[in-house]
Each structure stands twice: as structure tokens, then as C-alpha cells.
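What follows is a short report on a single structure.
Worth saying up front: this structure is predicted, and the values here are computed from it rather than measured. In what follows, chains carry the letters A, B, and so on, assigned in the order in which the sequence lines appear, proteins first and then strands, with residues in each chain numbered from 1.
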2 protein chains.
Amino acid sequence: MGEIFTPGAFEESGGGPLYLQLHRLIAEAIASGQLKPGDSLPSERELAVMTGLSRVTVRKGVAELVSSGQLVQRRGSGTFVAPKVEKLEQALSLLTSFTEDMERRGRNVESRWIARGLHAPAPEEVMALGLGAGERVARLERVRSSDGVPLAIERASLSQRILPDPEQVTDSLYAMLESRGQRPVRAVQRISAANLNAKDAELLDVAPGVAGLRIERISYLPSGKVVEFTRSLYRGDAYDFAVELKLAPDGERNPQ
Amino acid sequence: MGEIFTPGAFEESGGGPLYLQLHRLIAEAIASGQLKPGDSLPSERELAVMTGLSRVTVRKGVAELVSSGQLVQRRGSGTFVAPKVEKLEQALSLLTSFTEDMERRGRNVESRWIARGLHAPAPEEVMALGLGAGERVARLERVRSSDGVPLAIERASLSQRILPDPEQVTDSLYAMLESRGQRPVRAVQRISAANLNAKDAELLDVAPGVAGLRIERISYLPSGKVVEFTRSLYRGDAYDFAVELKLAPDGERNPQ
DNA sequence: GAATACCAATTGTAAAGACATTTCTTGAAT
DNA sequence: ATTCAAGAAATGTCTTTACAATTGGTATTC
């Protein structure tokens, strides 16, 4: 590995700011397989000596790779190439719960509760759930993992009428709802991307700033009543959502 | 605005590293509306004096807000609160082109070509398009904007058989395909999140590292033949994908 | 009035040094 | 053998200083 970070490697490296050259050098070493997942990089001070840069500049070059999830730093230990997470693919357009989804592909599911209880609703929850005055909201917040790797943060809100006692939910919320005859049959999801903040990044065991998939879901009973309003954050490197598209009917394509 | 960044504000600010306290202070000022989109922040040197920090520390505190897209820095000019981009919502499950999608909501579409031509295919393209030996691939790469705001980078690959002359495509690829009787009727999309690299971030006019939605789409003719393989990057702050979910049939839910 | 040149202000890059905090290994004591 | 403590090593935080590159306004000149 020693030959990657020689001062000479910079001359051929295309110019630009020094920290970007270092960034490029490391990124290419990872892409080309010279550095494999789990490999450790030289310490920052060693890198500084090897490349002839100051430690501050080395840190800046490394920082971007950390915040994009390609490197992992552990204080007192070192800097390592991030372990590769195999992407899971979820079929959109089928309304399934996380638990069901994972079981279908034969993976184990772990849940860690962050919070569970009845609260006064936030304005957003009043809107989404169509709550009446004085009605309280049941909040279920947990980290979903599979094989020890945290994959998503799930924050579900339900009307107290639907779920009077949040403590009863232990495993699958949908299984629980089904047993009470209130399983949703339809849902609308909105998907966008966002940088994870420090708190959420820690829950998902990645560096702050890494890209995550943000999903908002509102699910409905056959009657049209809203059942749940869930905001989830998925690790961008661990999840793929797949969806099949069909041609829009001619009438819808050009409405004017 | 002067009262936001007094040294005293730090004492009440919850502790932790100084750059995080500054980060929090600014983030909260934006969230609470004390700082509105377009507002300018004091210069880094002024901030350093006001808060009693060094400029390096101020820069570190500000940097995270820049890389998550909340602030915008312009060298020689200053640091500003990022203008709010209204989120566009695209209905998934309908196969439409960007052009059609924007026209339907009455917005204008601008395209800037990055590249357009015939190339030797990458392994990924051979896989996706089912190319034969020696076959070449037509690549269309452009930045899609609306009202002057870049929204997405679109990188489409088509077999040479489908599109012998890429230069013919000027506006809508789908319109072009339709005129040749090769409009796709079905497509499969995969959606994930990723941090934008320096090159893509510049094309989309955001800071590197900002979260983007990455979408891979493979579309098919009625015959089942693959038409196009497109990789797009959408600005995470500008786009929402909406999809409606339906309950899976009982047989599919627990296949064992 | 318009174009140009200059200058001040602002962010961008980089170095060197200092100390704090955490981790991991090593050696000693039990 | 096990436990515990010490210390080395690594990243994390922060300061001070210097210069480069870009921007935007101002004064000057034509």
C-alpha cells in the first residue's frame, strides 16, 4: 500500500487544491480495489509526512470521504475503508411492513425502541391524521436493523383512537393492526433525499451528512380513514426502492 | 441580526464543541425565521470576532450548513441563507418524460447538453441494454432545469439500433422515440440516495456532498425489448417522488 | 455617460503547533 | 489465567498566521 501515497503521485494527479488531489487519490484507490473494505489507511500524521501536506489539509481531504460514507474514522483507532453494505431492494407499490418485507427475503429483523408513548400532536400530525381537538397521538419510534446493520429509522404516528396503548406494539405494527381489524389497504408515499443530521446519523451508524432516503407514508383503511402517518429515514447506501412504471393513458398525458 | 451571534449566546447553547454550537445557533436562526432565505451572514472574520472563535472554527461550523445546502457561499461576496426551492412532486407509477412532466404542471423546461454521441458501451450498459458484440451505444447527457433552477442530471443510454443518430434529439427524447414508433410502455425504476460529487454538484448548482436522489430506469417496448437505460440525479431539495401503494394479495404476502 | 483600472472586502487554501479524548496494546500485579 | 493500570497512538478540537482568488464597488479617465 505504501506506493499509493508518495509525494510523486500528486504531480500526475491533475492539479487543483491539494486536499482535492488527496481526495481523488484515495477515492480512486478505493474504486480500483487497491484499498478494500475494512482496510486501514495510514494515520493522519503518517499521511501528512508521506504526502508532504499538513495534517489539517490531510484531514480536509479525508473528511469529504468520511461524510459521503466511503471512509469510517474511529477516534483512538484509525481510519478505515467503509465496509460494503449490500443493497436491499424493496418493491414499491406493494404495501408491506418492514418486518414482512425482511421476512420474505429470509433476513432477520431487529428493532430497537427509541420512544413509544402518547403525546400531544404536532401540527403536521394533526394535518396528516385528521385529528380532532384535544385528541392525542401515539408515537412509535424505532431503529430497524437486519443482521446487526441499522437500515432505517421509523417514526410512526397514529391516532389514539386507532392505537390507544402504544406499549402493546412489540414487533410488527401491521400485524398488530391486522389483529384488530385495522390493517391499511392503501397508502401514499413521498420519497426524497436529505443529508442525515448528527442525531439520525448516529442512530444509523454512519457519519453525519451522509445521504439518506426520506419517506413519508400515509396509509388508509378501506373506509378511507387515515391509519398511520410514518416518517422514515433509510440509509442511502443500504436501500434501493424499485418501482414499475406504466404508460399513462393518452387522455392523461396532455390534459389541455 | 447583531444579537444572534453574541459570545453570550454560546453559554446557553448546550455545550459541546464550539463549531457545533455555532452550527446549532445558525441552524436554529434559520429554522425560526430570524434568518430568512437570501439574508447575508456576517463575514467569517466578523463572526470570529463576534463569537470569540478563530476563523477556522467559524468556517468549520458554517461548512456543514453549506454542504447540507442550507447556506450558500460565494467567494468575494459573502455567505447567504440558501433560497428556498419549492419541492416538485412527481407521481411515480406513470411513465412520463421530464419534458411531459413539467409541461403538465405548466412549468417551462430548459435543457443544457453536456454530451451527445455514439460510444463504446460500458459493461453496465451492455448488461442493461442487452447489447451484442461490437454494438455501439448512444449517450445523451444533459442538465434539466425549470425556471432557471437546475433540477436533474439525466444520462440516457440507448442502443445504436434504436437511436442511430443522437444528434437528432433536441427536446424530448420520448417525443422523438414516439415519432419513430418506439415509445416505451413500461419501465422499472430503482431509487436510492447518494451524496453528490463535486462534478455533479456543480452541474446542479449546489454544494458538493448535498444529498441527491439517484434514479436508474430501464424502459421496455411492448415487445419486451429494452429501449433506454437512464441514470438520473435529482436535487434532493427540489424533488419529491410520490407513489401509491396497494395491499399485496394474500398469496404474495407469506409465500412459504 | 461609459468604459476602465484600481482597491477593499470576502471566501478559499494551506501550514504549524498545541492540547483533549478515546482506543488499544502491553506489562504488571493479583 | 485474569484483571487492572499505564502509556502509546490515533482522531478530535482549536488557535494563529499567511497568502491566493474572486467579487463588487469606486474613482478615474476617455
### B/E44 CD to D/dA20 P, straight-line distance once rounded to whole Å
18 Å
### Mutual orientation of the aromatic rings belonging to A/F98 and A/Y239 [parallel < 30°, tilted 30-60°, perpendicular > 60°]
parallel
Contacts under 3.5 angstrom, residues 72-80 of chain B side chains, donor-acceptor by atom type, not counting sequence neighbours:
| residue | atom | partner | partner atom | Å |
| --- | --- | --- | --- | --- |
| B/Q73 | NE2 | B/E44 | OE2 | 3.1 |
| B/Q73 | NE2 | B/T79 | OG1 | 3.3 |

### Spacing of A/H23 atom NE2 relative to C/dA14 atom C1', expressed in whole Å
18 Å
### Nearest listed nucleotide, side chain of A/P17, among C/dT13, C/dA16, C/dT10
C/dT13
### Query
Quick one: A/E46 CD to D/dA9 C1', roughly how many Å, whole number?
10 Å
### Query
If you draw a 6.0 Å radius around CD in B/E167, do more than 12 non-hydrogen atoms from other residues or ligands fall strictly inside?
yes
### Query
So which nucleotide from C/dT11, C/dA14, D/dT11 ends up closest to the side chain of B/V56?
C/dA14
### Message
Nearest to the A/R45 side chain among D/dA10, C/dT10, D/dC14, which nucleotide is it?
### Response
D/dA10
### Nucleic acid contacts of residues 75-83 of chain B, taken as heavy-atom distances under 4.0 Å to DNA chain C
B/R75, B/G76, B/S77, B/G78, B/T79
### Task
Examine D/dG12: is either OP1 or OP2 under 4.0 Å from a nitrogen or oxygen in the side chain of A/R59? Give yes or no.
yes
#### Entry: A/Q73 side-chain N/O to D/dA10 phosphate OP1/OP2 under 4.0 Å
no
### Interatomic distance where CG belongs to B/L41 and C1' belongs to C/dA9 [whole Å]
16 Å
### Query
Does A/P208 reach the side chain of A/L196, with side-chain heavy atoms less than 4.5 Å apart?
no
### Query
Rounding to a whole Å, what distance do you find between B/R55:CZ and C/dT13:P?
11 Å
### Query
Closer than 4.0 Å, any side-chain N/O of B/Y19 to the OP1 or OP2 of D/dC14?
no
### Task
Please report, rounded to the nearest Å, how far the P atom of D/dG12 is from the CG atom of B/L18.
16 Å
### Close side-chain approach of B/R45 to B/V58, heavy-atom, < 4.5 Å
no
### Query
Whole Å only: how far is the CZ atom of A/R74 from the P atom of C/dT25?
11 Å
### Message
Of the listed nucleotides (C/dA14, C/dG12, D/dT13), which one gets closest to any side-chain atom of B/K60?
### Response
D/dT13
### Task
Considering only NZ, NE, NH1 and NH2 on the basic side and carboxylate oxygens on the acidic side, decide whether B/E86 and B/R107 come within less than 4.0 Å.
yes
### Query
Just how far, in rounded Å, is P of D/dT11 from CG of A/L65?
14 Å
### Query
Does B/S97 have any side-chain contact (heavy atoms from CB on, under 4.5 Å) partners at least two apart in sequence or in another chain, and if so, which?
B/T99, B/E100, B/S172, B/Y174
